[in-house]
**Q** 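Below: one structure in structure tokens.
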Amino acid sequence: MLEEVERWLAARSWSAADRPLDQLLDRKRAAGTTVSVVLPALDEEATVGAIVEVIRRELIEGLPVPLVDELVVIDSGSGDATAEVAAKAGARVVHRDDILPRVPALPGKGEVLWRSLLATTGDVVCFVDADLRDFSAAFVSGIVGPLLTEPDVQFVKAMYDRPLGDAPGQGGRVTELVARPLLNLHWPQLAGFVQPLGGEYAVRRSLLERLPFPVGYGVELGLLVDALHTVGLDALAQVDVGVRLHRHQDGQALGRMAAAIYRTAQLRLSRGHLVRPRLTQFERTPEGFVPRTYPVDTEERPPMLEVEEYARRRAA
């Protein structure tokens, strides 16, 4: 590991317990910083309501100053009751297609995160996946904390243990097989991040609006790499929030995720184009193995500062 990364680990890796809630509220009140929490959601009726309820109960209601000023669920076309459950629990629900309607929406998580900048106003934007179980408010307060107490920090990732079933530490298979090798080989300054692909991170809006967003699974790696190049390693940090429990995807879905992440890395290495942005996987059927070919995400959204509607809102 680079000496620079060893120093960074000592200086920029914390635990959620390092910053008590009352300290965060004092800093937030003094600085006047506003915080938006965004949950991108697709068919998450089983979990999204409980997450919203915890955030409202522990970080909004009954506090002298709410830590969270804005709690928004962006529904990207759920076929279940995700929107209804989230609204009943107390979130403001916005449909992906109602944000920036002049630009046809593309499928993918990164698309939802990009559009969320137009649906929120907070100085700090905190993203939380909507499929978490046994959710703790520390997933929000932990990663927002350094942005309230450390003026030089601009981007904070959550780190946690990811069990796979009963096996501790075995989750995050794409991280270990794809993302971590890529980062270590090509961006060794980021080798200290425990969960580089984790969906829980908080970022100053002033940075997010300057970054391009891969529309699909590559969004977490893309934002992390681009943030490094934009503001430098010392402006990045991570906070231990404990254990992350969520549903795990099957091997073929993980393969598609891995291909998108590799493509995102390749673009950042060369800014060139894939020769053939497709991934073929195989499914066993009674007739034998059947090939299924899927497109690999090849679209990115521009920095939000380049979007006319966002620029007009800033100027207003």
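It should be emphasised that the depicted structure is a prediction, and the values quoted were computed from it without experimental measurement.
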**Q** Restricting to non-hydrogen atoms, name the atom on Ala258 and the atom on Val174 that form the minimum distance, rounded to 0.1 Å.
**A** CA-CG1, 4.1 Å
**Q** Does a side-chain N-to-carboxylate-O contact under 4.0 Å join Arg92 and Glu70?
**A** yes
**Q** Any non-hydrogen side-chain atom of Leu106 less than 4.5 Å from a side-chain atom of Arg301?
**A** yes
**Q** Does a salt bridge link Arg115 with Asp97, judged by any charged N lying under 4.0 Å from a carboxylate O?
**A** no
**Q** Salt bridge or not between Glu200 and Lys157? Use side-chain N to carboxylate O under 4.0 Å.
**A** no
**Q** Using a strict 4.0 Å threshold on nitrogen-to-oxygen distance, state whether Arg210 and Asp226 make a salt bridge.
**A** no
**Q** Taking only Lys NZ, Arg NE, NH1 and NH2, and the carboxylate oxygens of Asp or Glu, determine whether Glu308 and Arg312 approach each other closer than 4.0 Å.
**A** yes
**Q** State whether Arg268 and Glu300 are salt-bridged, where the test is any N-O pair (Lys NZ or Arg NE/NH1/NH2 against Asp/Glu carboxylate O) under 4.0 Å.
**A** yes
**Q** Strictly below 4.0 Å, N to O, side chains only: are Asp123 and Arg204 in salt-bridge contact?
**A** no
**Q** Side-chain contact, heavy-atom cut-off 4.5 Å: Val225 with Leu183?
**A** yes
**Q** Salt bridge check, Glu176 against Arg180: does any charged N sit closer than 4.0 Å to a carboxylate O?
**A** yes
**Q** Tracing side-chain links under 4.5 Å among I, L, V, M, F, W and Y, which residues wind up in one group with Val194?
**A** Met159
**Q** Relative to the ring of His229, is the ring of Trp187 parallel (under 30°), tilted (30 to 60°) or perpendicular (over 60°)?
**A** perpendicular
**Q** Around atom CD of Glu61, are there more than 12 heavy atoms of other residues, nucleotides or ligands at under 6.0 Å?
**A** yes
